[in-house]
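Side chains are part of it too, since the values below use all heavy atoms of this structure and drop only hydrogens, waters and symmetry mates. Convention: sequence-line order gives letters A, B, ...; per-chain numbering from 1.
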2 protein chains.
Amino acid sequence: MRRVHAPSIDSRGLGRALEQLRVVVRAKGLKRSGVRDAVARAALEYEGHFTAEELLSVVRAKGETEAHAATVYRVLPLLVEAGLIQESLLSAGQGQRYERAFERGHHDHIICTSCKKVVEFEFEAFEVLQRDVSERLGFRLTGHVHELFGICKSCQHTS
Amino acid sequence: MRRVHAPSIDSRGLGRALEQLRVVVRAKGLKRSGVRDAVARAALEYEGHFTAEELLSVVRAKGETEAHAATVYRVLPLLVEAGLIQESLLSAGQGQRYERAFERGHHDHIICTSCKKVVEFEFEAFEVLQRDVSERLGFRLTGHVHELFGICKSCQHTS
DNA sequence: TTCTTTGCAAACCTTTTGCAACGGA
DNA sequence: TCCGTTGCAAAAGGTTTGCAAAGAA
């Protein structure tokens, strides 16, 4: 088991990610767009987990573009398809959340239900068991949601 | 690892469940209500996973009461608190789903993304590892969401 | 009588969609 | 030019809330 942290993406990585997006866009017969790239950049640079609304705020705050909510909602699925981001924190309620997936390893989450802190970890044993279970039940495994809930150390001491 | 099935609740179990609800209701200084009991009964007898909307249909179909959607939405959290049902299938999208929890063991789910079939299983190894992870990260574990996605055997052969 | 519960309608919140104007290739 | 993208407003879908009437204790 290894605790992991989302490293900030550097401009090199940003370039690679946008290139990857461009490839997908081209492959789908779509056209490039400045607004979409701005949304993609904001998503890639976002530290942590974000909703469409939160992403919209930072896009606007950066002031490069005047993206609208509908556009963000239209762009997000494409960014997922291109592998730049992934859906995350399914259980957080009110609003689908995303996090960067580009050049990040797979990980699960444990969330403090008191202070909402999220800690990410990698644990190969889970993946092994998941494959094992799936096979035994006759499924070809394609994905999973795995989130733990608890009370973090500082909240235990506070209460 | 053991595949498990939700057994139908019998009238004995139903009685115990409603009694448990009554205790919680009393403890919270609330009053008993026929509509709430009807919703609880329908939830307990529901085979499988249901949304508020689906539960409402069967309550109406049984014709005992003319429950309204708002009432169902108001009753569901209480049934969760009383341990009669639990939230489930977080990832199913459009509409929170629930399943009976009363007198059922803990289990996880694997869902066929093609035909939507849900298989339930118990695997103590997951629980052990989850406690292990939590402890090492300084959390007191209180719950988890664990859903696997894949393609079931018959969908593999069909496609 | 005193609260809780319910029906009902309206409000809410997130997400989707239709359409005309805009913008790449 | 051709077609994808965007802004905008309206709609949609699930859930919540305010309020008066009905129902327990």
Side-chain angles (χ1 to χ4, degrees), chain A residues 18-19 21-43 49-57 59-60 62-82 85 87-98, chain B residues 18-19 21-43 49-57 59-60 62-82 85 87-98:
Chain A
L18 292 175
E19 175 53 27
L21 175 58
R22 229 166 280 137
V23 170
V24 172
V25 163
R26 219 173 291 136
K28 292 173 67 86
L30 306 180
K31 297 176 178 173
R32 87 186 294 280
S33 126
V35 175
R36 184 162 53 212
D37 285 358
V39 172
R41 238 190 307 274
H49 304 78
F50 57 88
T51 61
E53 209 59 50
E54 290 162 348
L55 185 57
L56 179 61
S57 314
V59 170
R60 284 184 169 157
K62 293 214 261 174
E64 305 164 4
T65 322
E66 257 315 303
H68 277 238
T71 303
V72 171
Y73 280 107
R74 281 186 275 232
V75 168
L76 285 171
L78 189 59
L79 301 187
V80 171
E81 192 182 341
I85 62 176
E87 302 181 343
S88 178
L89 263 37
L90 263 279
S91 51
Q94 91 277 304
Q96 172 67 61
R97 288 191 141 69
Y98 299 85
Chain B
L18 292 175
E19 175 54 27
L21 175 58
R22 230 166 279 136
V23 170
V24 171
V25 162
R26 218 173 291 136
K28 292 174 68 87
L30 306 180
K31 297 176 177 171
R32 86 186 294 280
S33 127
V35 176
R36 184 162 53 212
D37 284 358
V39 172
R41 238 189 308 272
H49 306 80
F50 56 89
T51 61
E53 209 60 48
E54 290 162 346
L55 185 57
L56 178 61
S57 314
V59 170
R60 285 184 167 158
K62 295 216 260 172
E64 305 164 4
T65 323
E66 257 316 304
H68 278 238
T71 303
V72 171
Y73 280 107
R74 282 187 276 231
V75 168
L76 284 169
L78 189 60
L79 301 188
V80 170
E81 192 182 341
I85 62 175
E87 302 181 343
S88 178
L89 263 37
L90 263 281
S91 50
Q94 91 275 308
Q96 170 70 60
R97 287 188 143 69
Y98 300 84

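- Distance A:Y73 OH to D:dA9 P: 17 Å, rounded to the nearest Å.
- Closest of all the heavy-atom pairs between B:A92 and B:Q94 is O-NE2, 3.9 Å.
- Remark: A:L90 CG to B:L90 CG distance equals 6.5 Å, nearest 0.5 Å.
- Proximity of A:S33 to the phosphate of D:dG4: no side-chain N or O atom is located under 4.0 Å from OP1 or OP2.
- For the residue pair B:R74 and B:P77, the shortest heavy atom distance occurs at O-CD, 3.5 Å.
- B:F50 places its CZ atom 12 Å from the P atom of D:dT15, with the value rounded to the nearest Å.
- A heavy atom closer than 4.0 Å to some atom of DNA chain D occurs in A:G29, A:L30, these being the qualifying members of residues 23-30 of chain A.
- Using a 4.0 Å heavy-atom distance criterion, A:Q96 is classed as a sugar-phosphate-only contact.
- Place B:G34 and A:D37 on DNA chain D by their nearest nucleotides, and A:D37 ends up nearer the 5' end.
- A:A69 comes within 4.0 angstrom of no nucleic acid atom, judged by non-hydrogen atoms across all strands.
- Taking every heavy atom of both residues into account, A:H49 and A:S88 meet most closely at CD2-OG, 3.2 Å.
- Computed from coordinates, the A:L76 CG to C:dT14 C1' distance equals 12 Å when rounded to whole Å.
- A straight line from CD of A:E53 to P of C:dT16 spans 13 Å, rounded to a whole angstrom.
- For the residue pair B:V72 and B:A52, the shortest heavy atom distance occurs at CG1-O, 3.8 Å.
- When all heavy atoms of A:A38 and A:V59 are compared, the closest pair comes out as O-CG2, 4.4 Å.
- Regarding contacts with the backbone of C:dT6, every side-chain N or O of B:T71 stays at 4.0 angstrom or more from both OP1 and OP2.
- With sequence neighbours left out, the side chain to side chain contact (heavy atoms under 4.5 Å, CB included) criterion links A:R22 to A:L18, A:E19, A:R26, A:R32.
- Taking atom CD of residue B:E54 and atom C1' of nucleotide D:dG13, one finds them 14 Å apart after rounding to whole Å.
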Interface polar pairs with nucleotides 19-23 of chain C, N/O, under 3.5 angstrom:
from: C:dG23; atom 1: N2; to: A:K31; atom 2: NZ; distance (Å): 3.4

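- The nearest whole Å value for the distance from the CZ atom in B:R32 to the P atom in D:dA25 is 7 Å.
- Each of C:dT16, C:dT5, D:dT6 was ranked by its minimum atom distance to the side chain of B:R36; first place goes to C:dT5.
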